[in-house]
Amino acid sequence: MSVFIDQDTKLVVQGITGRDGSFHTKQMMQYGTQVVAGVTPGKGGQSFEDTVPIFNTVSEAVQASGANTAVIYVPPPYAADAIMEAAASGVSLVVCITEGVPVLDMTRVYAFVKERGVRLLGPNCPGLISPGQSKVGIIPGRICTPGPVGVVSRSGTLTYEVVYQLTSAGIGQTSCVGIGGDPINGTNFIDCLEAFERDPATKAIAMMGEIGGTDEQEAAEYVRDKMKKPVVGFIAGQTAPPGRRMGHAGAIISGSAGTAAEKIESFEQCGIGVAKRPMDFVELIKARLPKT
Amino acid sequence: MSVFIDQDTKLVVQGITGRDGSFHTKQMMQYGTQVVAGVTPGKGGQSFEDTVPIFNTVSEAVQASGANTAVIYVPPPYAADAIMEAAASGVSLVVCITEGVPVLDMTRVYAFVKERGVRLLGPNCPGLISPGQSKVGIIPGRICTPGPVGVVSRSGTLTYEVVYQLTSAGIGQTSCVGIGGDPINGTNFIDCLEAFERDPATKAIAMMGEIGGTDEQEAAEYVRDKMKKPVVGFIAGQTAPPGRRMGHAGAIISGSAGTAAEKIESFEQCGIGVAKRPMDFVELIKARLPKT
Amino acid sequence: MNLHEYQAKDILRRFGVTTPQGEVVTTPEAAREAATKFGGPVMVKAQVHVGGRGKAGGVKFCTTADEAYEKASNILGMSIKGLTVTKVLIAPAADIVSEAYVGIIVDRARKKPVFMVSAAGGIDIEEVAATTPEKIRYHAVDVRYGLMPFEALELGFFLYQDAKLARAAAKVMQQLYAAFMATGCSLAEINPLVVTPAGDVVALDGKMVVDDNELERRADLEALRDVESENPAEVDARNHNLTFIKLDGNVGCIVNGAGLAMATMDLVKYYGGEPANFLDIGGSSNPEKVVNALRLITADPNVKAILFNIFGGITRTDDVANGIVTAIKSNPLKVPLIIRLTGTNEEIAMQILKQNGLSASSDMDEAVKEAVRLAAAASGGTAA
Amino acid sequence: MNLHEYQAKDILRRFGVTTPQGEVVTTPEAAREAATKFGGPVMVKAQVHVGGRGKAGGVKFCTTADEAYEKASNILGMSIKGLTVTKVLIAPAADIVSEAYVGIIVDRARKKPVFMVSAAGGIDIEEVAATTPEKIRYHAVDVRYGLMPFEALELGFFLYQDAKLARAAAKVMQQLYAAFMATGCSLAEINPLVVTPAGDVVALDGKMVVDDNELERRADLEALRDVESENPAEVDARNHNLTFIKLDGNVGCIVNGAGLAMATMDLVKYYGGEPANFLDIGGSSNPEKVVNALRLITADPNVKAILFNIFGGITRTDDVANGIVTAIKSNPLKVPLIIRLTGTNEEIAMQILKQNGLSASSDMDEAVKEAVRLAAAASGGTAA
């Protein structure tokens, strides 16, 4: 079992002939992901690696291939349009890897995908993986192994670090989801926690947050109020200088400066185990997994 | 009983100090409508006829007065904004009397009110009346009398004519609803038919359509497929010269030229009694009302 | 309000659409000059607000400047569906690889602007819709987001296989949409959108209809109105806030409200008469409006009887009565007058009419029958 | 990217906001000239990208041109929070009846631009939020519709009872919103928005922060960048596609990915050390980036040990190893180097390092501990 993607995931890759798109498509295919179509306007009719048909538009690709998930590797100025194209095409999950999407673009995109009930992951995220079943995005497959832990994180390489530690210690994962660190993203911690709580195979959750915003605090309250499964959390940025990103007005609106200390305190108050170091996840999770 | 408005309707009037607004507010108050607030930006704090408090914004007015319905008498260039202000203020019904609202404004407005689940009647409509209970808009109160007939119409004075005939013949109305004749309006025939079908007091429905569009044809199919109550219909414009309004491309999109002949045929095919003259409603309705 | 082809093209050009820069002229001499200036073959195109001007002989291809002079002489002054041609557009003729149709219209049912595009352009889109509907693609635009790049490109690929052409067409879609929205249109069309041998995508004809409701707040659009090319009586009516459409019958109708006006005309027909016009004096009445309405109706020599049908709601029937009295005092009627009045201030109105030797009914059916009868009698009488 | 006050005001003015037309000068003489030209009293305002310049003495009121000369002399060259003032804005001082605050920011939680307005302007909005939160009104804008006239007017009436002022403020809200959207901002502020004795509503100060992600597609915005006024090391880093923030510790950190970089710094702190910087080499590695990163770190004399922490995903660890070897060959390090590498092409990377006499760990915890230990030892050593 897993969340968001599994062995039935049928993927269309937007920007399949680009540098990043072609590299990671090969990686995903190697991992076993069903890549059923690619999109590059003007290359419709060709094929990728002699196996994956390429289309001019996502809607054509989805109609022809039955794809239910789209992943986006297109340059930032075109990413917002690519997300909306995917959301309008009929897929139910859109994963946007692209980094550097203007935030005002995302205000439109967010409204658009919500109206359609489509799940967006990202932008500026590493995607997700359900070990042994499917991988969509750029998370290195070999650091993961199937098992009972759900992983959700705002950052890329920090996720890898934690997953690597878990796997090294023999603790596998149901799914690892990178939600991305941009100010406006499609899926937040709560969405993932909800999914993990529902997934019978997930027995414990590892959550990696960062300074900025209040997503982690809201997630903590959600854990306290709605969840039965154990959660272990970490916040990166205790030593980061304050006020580099959003300035003061942002803190006023959110009612919080979004510091690591605040977030850790809220974890503690809501019964979330706090990992002081990335490597502490191993022992904390182990202690919370049901004994077999 | 009635549809959309009744004795519990609490009305806020937008443009209450304007020429039309003040005249019709007095008429509505005379009829017995609960006019609980008015809005004219800059006149907040004053009162209308020494009894109705005036506010600067609709949202203030609704919060202070508990209004659940808004009626709009503001000039056409400001009407779209006024509708959206009303829809955002918390009322559940917005009636826009204003004639001449640009149609592209209405494309935005329509999406806006639908998102909020607010019912819009109009623009360019005479409003509605539930005889003996409440009147919102400009339909002359004295031509109506309570009774078992639901009236719905695209035009103003033609509605008066028919209602006048019915009343003169001793046939009263549950509600008379003028949906307006603009290309994009908030409430259509089907919405009203649905409401009349659900209203236990309504025993028969009189429906006045016009040339143009396909609303009447869709309404006819609705009558055939979903309604048990009898409906009598009339189409104005049999002698109107074709092609004055929407041209050919519009007809292609709607799949119909919207002629009176087409509409009358569709009425006949769907079991709607056809009034050849406005005055024919009296006999046709009488024949369809349950004998008491 | 219909714009002329040259006006529509000016607007499209401002929004980035490539369209041949023509010249509007009013004399054959100027047509020759323009053709000489352009050098190659030209089109001479009547600028009138009616469809089917090509079939009516209002559009001609000319290989020489002298031919342009000659064709312009024929077309200028020509009458197409009742409108006299006073302007022709001289535009360089283009070589064409393919012709497509691109249009936007506000759709009542979808409550949105809807694109219609077809690779079968150049001909009447109605014909395409009737014979090969699968050749038309519709796309409703969500105005909250506008036409998105991916949507424009989907339409582009529907027209052209070639990615370069598809992208160029997508750009035209966005430019057309921008022009449509900025100009407050109810319709905007490019037909044909052509591909030239050089691979350029070019609008050879443009049509725009501006929503009349935009004009009040948009002086820039109102300024595009070409009064000369409209029916003078309708212009006169509009200037006095009346809606007037001239028809061929002999019963002049003056009514308040479009629905009741149409129902009145239908009833005239029902009783064997023919309405001479549609005339809506609208909601808020004043005597002045009635005077102007009577002036318009009586200017039509076909009118043999005049029928007022007024249901007073906002309209005060005493205002209407006063208007009638004022009008016939200064300008006595030569045809019978039948008045039906009911509603607001009905008693006062009846009183006013009576004091001035006029009578009125409060029954629509009666009044219409009477008007039809009198018009028939008068027609019979004058025909004798 | 922060814009200077004068740049923000130029943009606001272009969108219709009334704001005093000042002059940016770089010398006291020019300040005097500008003040003379304006005639009345002026403000001399440091143009630096930090908050609190007023409290730091960077904003002065002057009644005469000579005073403007004097104050400009004091402010130019002054250091405010580490940044040297090279430009001052000379602006006519305004008489003020009242001061309000108007700002827009992109809100993470609501996923929308959010207005914050308060009649308690002029002072720090943070203070208002902390002490009298009821004096602030928030309004989230639905970007699909934009800021609607009624919404702007609601905000206007929140600031002013008087309808004329409320309407004027509503207009400013719409202009500010338009400027915010068109300039791709993450923040735009007018503080104070003042009412003058004549009843005009005027922006006396303006602040705009442009979303860095807009700059790639917007050369016009990138052109507003004032490189002089930024930290040179951070400019250098940006020019090489690195994200670098200078801190006060002695352990230099080079990491791929912002989250891992912060976690690494936190771990340095956890083991008793102090990070000297935040440095993210980003996703796609190339040896060149590593060379530039090392150059930036070694330029800081505080750095006593350098720690690489690379988790190869997209980043190829062999690229990083090659970068390290290249860099230290041409520029031998004077401080200890601790390398942690794991992930993509780890074996090749280890081989490259070994061949060049370097070693690496694959364990983050070990590597961080070692770096902290070595930095402490080196600091102890050099302190002796």
Side-chain angles (χ1 to χ4, degrees), chain B residues 19-20 23-24 75-77 99-108 110-112 126 138-140 143 153-161 164 181 183-184 208 210-215 218 234-241 243-244 246-254 260 276-279, chain C residues 51 103 105-114 116 124-126 129 136 138 142-144 181 184-187 189 209 211-214 216-217 245 247 249 255-263 265-270 274-275 278 282-284 310-315 342-344 364-365:
Chain B
R19 216 182 73 99
D20 289 348
F23 176 79
H24 290 290
E99 182 182 349
V101 182
V103 67
L104 290 181
D105 285 8
M106 285 306 302
T107 59
R108 270 162 59 87
Y110 187 82
F112 190 88
I138 63 174
I139 297 178
I143 62 171
S153 172
R154 255 168 81 178
S155 61
T157 45
L158 176 58
T159 318
Y160 308 166
E161 184 70 44
Y164 170 71
I184 295 185
M208 283 78 83
E210 280 180 14
I211 48 168
T214 55
D215 274 16
E218 286 144 27
F234 175 83
I235 299 293
Q238 298 174 57
T239 49
R244 292 289 303 202
M246 289 297 276
H248 299 308
I252 292 173
I253 283 192
S254 63
K276 297 217 165 91
R277 307 173 304 163
M279 38 292 300
Chain C
I105 191 162
V106 177
D107 181 33
R108 299 175 79 109
R110 296 183 185 86
K111 324 271 185 192
K112 286 174 182 167
V114 173
M116 288 202 297
D124 197 337
I125 190 69
E126 267 191 301
I136 300 182
Y138 301 93
D142 186 336
V143 292
R144 300 171 306 164
M181 295 302 286
C185 288
S186 51
L187 179 147
E189 240 179 35
V209 180
D211 176 8
D212 289 335
N213 289 345
E214 295 280 354
E216 191 186 333
R217 63 179 177 190
I245 300 171
L247 299 171
V255 191
N256 64 325
L260 189 59
M262 287 194 287
M265 291 156 66
D266 293 350
L267 203 58
V268 166
K269 181 94 172 180
Y270 181 87
E274 285 290 342
F278 170 97
S284 50
I310 305 296
F311 201 113
I314 321 184
T315 310
T342 191
T344 311
M364 173 172 166
D365 207 47

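B:Ile143 CD1 to C:Thr342 OG1: the interatomic distance, rounded to the nearest 0.5 Å, is 9.0 Å. Here C:Arg110 contributes atom CZ and B:Ile184 contributes atom CD1; the two are 12.0 Å apart, rounded to the nearest 0.5 Å. Rounding to the nearest 0.5 Å gives a distance of 14.5 Å between OH of C:Tyr270 and OG1 of B:Thr239.
When B:Glu210, B:Glu161, B:Met279 are compared by the number of non-hydrogen pairs under 4.5 Å with chain C, B:Glu161 comes out ahead. Counting heavy-atom pairs under 4.5 Å between each of B:Pro77, B:Ser155, B:Pro102, B:Ala236 and chain C puts B:Pro102 at the top. Per-residue counts of heavy-atom pairs under 4.5 Å with chain C were compared for B:Gln238, B:Arg277, B:Glu218, B:Met208; the largest is that of B:Arg277. Looking only at heavy-atom pairs under 4.5 Å with chain B, the residue among C:Lys112, C:Met265, C:Glu274 that has the most is C:Met265.
Side-chain contact between B:Leu104 and C:Met181: present, with at least one pair of heavy atoms (C-beta onward) separated by less than 4.5 Å. Within the 4.5 Å cutoff, the side chain of C:Lys111 has no heavy atoms near those of the B:Thr107 side chain.
With a 4.5 Å cut-off on non-hydrogen atoms, C:Phe278 does not touch chain B at all. Both the backbone and the side chain of B:Tyr160 have a heavy atom closer than 4.5 Å to some heavy atom of chain C. When heavy atoms are compared at a cutoff of 4.5 Å, C:Asp266 approaches chain B by way of both its backbone and its side chain. Of the two parts of B:Pro76, only the side chain, counted from C-beta on, holds a non-hydrogen atom closer than 4.5 Å to a non-hydrogen atom of chain C. Interface residue B:Phe234: only side-chain heavy atoms are found under 4.5 Å from chain C.
B:Pro278 and C:Met364 make their closest contact through CG-CE, 4.0 Å (heavy atoms, listed as atom of the first residue, atom of the second, distance). Of all heavy-atom pairs between C:Gly312 and B:Pro140, the closest is O-CG, 4.2 Å. Nearest approach of C:Arg144 to B:Ala111, heavy atoms of both residues: CD-CB, 3.6 Å.
A donor-acceptor contact closer than 3.5 angstrom is absent between the side chains of C:Asn256 and B:Thr157.
Checked for salt-bridge contact, C:Arg217 and B:Asp105 meet the test: a charged N lies under 4.0 Å from a carboxylate O.
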